[in-house]
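Every value quoted in this text rests on a predicted model; they were computed, and no experiment measured them.
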Amino acid sequence: MLQINKFAKLCHCKASLLRYYDSHGILVPCYIDDLTGYRYYQSEQALDFYRIKQLQSCGLSIKEIKACKNKSDDEVIGILNMKLNEQKRIVNSIENLIHTYQEDKMKLEETVNKFNKQHLLNVESKDNKLNLSIHGNNLCLNFNKKTDKIAELLNTMQKQSLIYFEDFDDLTMYENETWNYTKIASGWNTKNELLKMIEQSQIDKKICIHLFNINESINLFDIADIMNLADENGYHTDTSLFNVSLSLDGINNYAIVYVDK
């Protein structure tokens, strides 16, 4: 019998590798001294070591190698043939991907662009009218003042939207109403600043749309907190719609589009 260090030399490996194989039960010492804990191997176990290294070089996992431990050479060759066929399938998949990658990517990009166009809110302003359209639905809202400023904000927001209203089901009943919008508040940086602006615009509304154009210092959770605080202070957000977008210039903007009661 050979101590672990001598057996490691015979196998041209480190003793730590033999301990690793032992811990996984794929190459167990033939004898372990109870007093010293020294591991001893038979020289013939070098053949087992060789088979383990060959199987590893073929891509078999430790678990798969352990399953081969008590199998005959013919059975192991059968397992290797299965592994070879599996690798051939992978190679074929890679070769197919090489030939179709650009074409598949272009098709997906076309699908994404088509989806974005269908779900993009188009905004047109003419005097006191605001024309909205999204995936085939159209809506014309009448305002009590010119709509160019709010249309400009809406058009900017649609390019970087995080949350937006996708249809006009909640707005069509107000199509014949007279709409209004608050002055666009710009340059605020904290939740408290925004909350004060919301509280200052507390007027009774049949419906209102909150427009948030935010930079990266404000997130959706902050806005949720703000609206919860507004509810606690007597403002009912259940009659509200929301449009939240990333600010292109890093400046926070906020406005409300609404119909008075």
Side-chain angles (χ1 to χ4, degrees), residues 1-119 160-164 166 214-225 244-246:
M1 291 190 299
L2 302 173
Q3 282 190 4
I4 189 169
N5 289 329
K6 290 184 177 181
F7 185 68
K9 288 182 180 180
L10 175 63
C11 296
H12 302 288
C13 71
K14 293 183 178 180
S16 59
L17 180 60
L18 296 175
R19 295 189 186 96
Y20 174 75
Y21 285 166
D22 181 19
S23 67
H24 287 278
I26 59 174
L27 184 58
V28 179
C30 65
Y31 172 72
I32 299 178
D33 191 299
D34 292 335
L35 295 177
T36 63
Y38 290 161
R39 294 173 171 83
Y40 292 87
Y41 295 82
Q42 297 284 359
S43 58
E44 290 79 10
Q45 286 183 278
L47 298 174
D48 296 329
F49 177 86
Y50 171 78
R51 184 160 80 161
I52 292 169
K53 294 299 292 182
Q54 291 298 98
L55 293 176
Q56 276 190 306
S57 69
C58 293
L60 270 69
S61 66
I62 292 295
K63 184 178 180 180
E64 290 172 322
I65 293 172
K66 188 174 182 179
C68 294
K69 185 176 178 181
N70 297 318
K71 295 187 180 298
S72 66
D73 290 339
D74 288 341
E75 289 174 318
V76 171
I77 290 172
I79 292 172
L80 290 175
N81 280 324
M82 290 175 60
K83 193 75 174 178
L84 178 61
N85 291 331
E86 179 184 333
Q87 293 301 318
K88 286 180 178 179
R89 285 194 295 271
I90 293 173
V91 169
N92 288 335
S93 296
I94 293 173
E95 288 178 343
N96 290 334
L97 180 59
I98 289 172
H99 290 107
T100 63
Y101 178 80
Q102 289 297 338
E103 182 181 350
D104 292 344
K105 182 183 176 183
M106 289 177 63
K107 287 181 180 178
L108 182 57
E109 287 175 346
E110 289 176 3
T111 301
V112 171
N113 290 334
K114 184 177 179 180
F115 176 86
N116 287 337
K117 287 179 180 179
Q118 290 175 342
H119 290 74
Q160 296 287 328
S161 288
L162 301 176
I163 295 178
Y164 55 92
E166 294 189 1
I214 59 174
N215 62 31
E216 293 181 354
S217 66
I218 305 291
N219 59 51
L220 295 179
F221 296 106
D222 292 330
I223 291 176
D225 290 342
V244 183
S245 67
L246 293 175

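For Lys69, the NZ atom is densely surrounded, since the number of other residues' heavy atoms within 6.0 Å is greater than 12. Heavy-atom neighbours of Tyr31 OH from other residues, nucleotides or ligands within 6.0 Å: above the threshold of 12.
Closest non-hydrogen pair, Ile32 versus Gly37, comes out as CG2-O, 3.8 Å. Considering all non-hydrogen atoms of both residues, Gln54 and Ser57 come closest at O-OG, 2.6 Å. Counting all heavy atoms, side chain and backbone alike, Leu10 lies closest to Ser43 at CD2-O, 4.0 Å.
With Pro29 as the fixed residue, the side-chain contact (heavy atoms from CB on, under 4.5 Å) test singles out one of Arg19, Arg39, Gln45, Gln42: Arg39.
In this structure, Phe49 CZ and Ile26 CD1 are separated by 9.5 Å, a value rounded to the nearest 0.5 Å. With rounding to the nearest 0.5 Å, the separation of CD1 in Ile4 from CG in Leu18 is 5.0 Å. Going from atom CD of Glu110 over to atom CE of Met106 covers 6.0 Å, rounded to the nearest 0.5 Å. The distance from the OG1 atom of Thr36 to the CD atom of Gln3 is 7.5 Å, given to the nearest 0.5 Å. Summarising the geometry, atom NZ belonging to Lys66 is positioned 13.5 Å from atom CD belonging to Glu64; distances are rounded to the nearest 0.5 Å. In this structure, OH in Tyr21 is found 9.5 Å from SG in Cys11, a value given to the nearest 0.5 Å.
For Arg51 (side chain) and Ile65 (main-chain N/O), no donor-acceptor pair under 3.5 Å exists by modelled atom type. Remark: side-chain polar atoms of Asp48 are not paired, donor with acceptor, to backbone N or O of Glu44 under 3.5 angstrom. Remark: side-chain polar atoms of Lys83 are not paired, donor with acceptor, to backbone N or O of Leu55 under 3.5 angstrom.
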I would like to know whether Met1 and Tyr41 meet side chain to side chain contact (heavy atoms under 4.5 Å, CB included); could you show each step before the answer? CA-CA 5 Å; Met1 291 190 299; Tyr41 295 82; over 6 Å; no
Give the intermediate values and the outcome of side chain to side chain contact (heavy atoms under 4.5 Å, CB included) for residues Leu84 and Leu80. CA-CA 6 Å; Leu84 178 61; Leu80 290 175; over 6 Å; no
Any chance you could lay out the side chain to side chain contact (heavy atoms under 4.5 Å, CB included) test for Lys53 and Leu17, step after step, and finish with the verdict? CA-CA 11 Å; Lys53 294 299 292 182; Leu17 180 60; 4.2 Å; yes
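Side-chain contact, Ser72 with Asp74: no donor N or O sits under 3.5 Å from an acceptor N or O.
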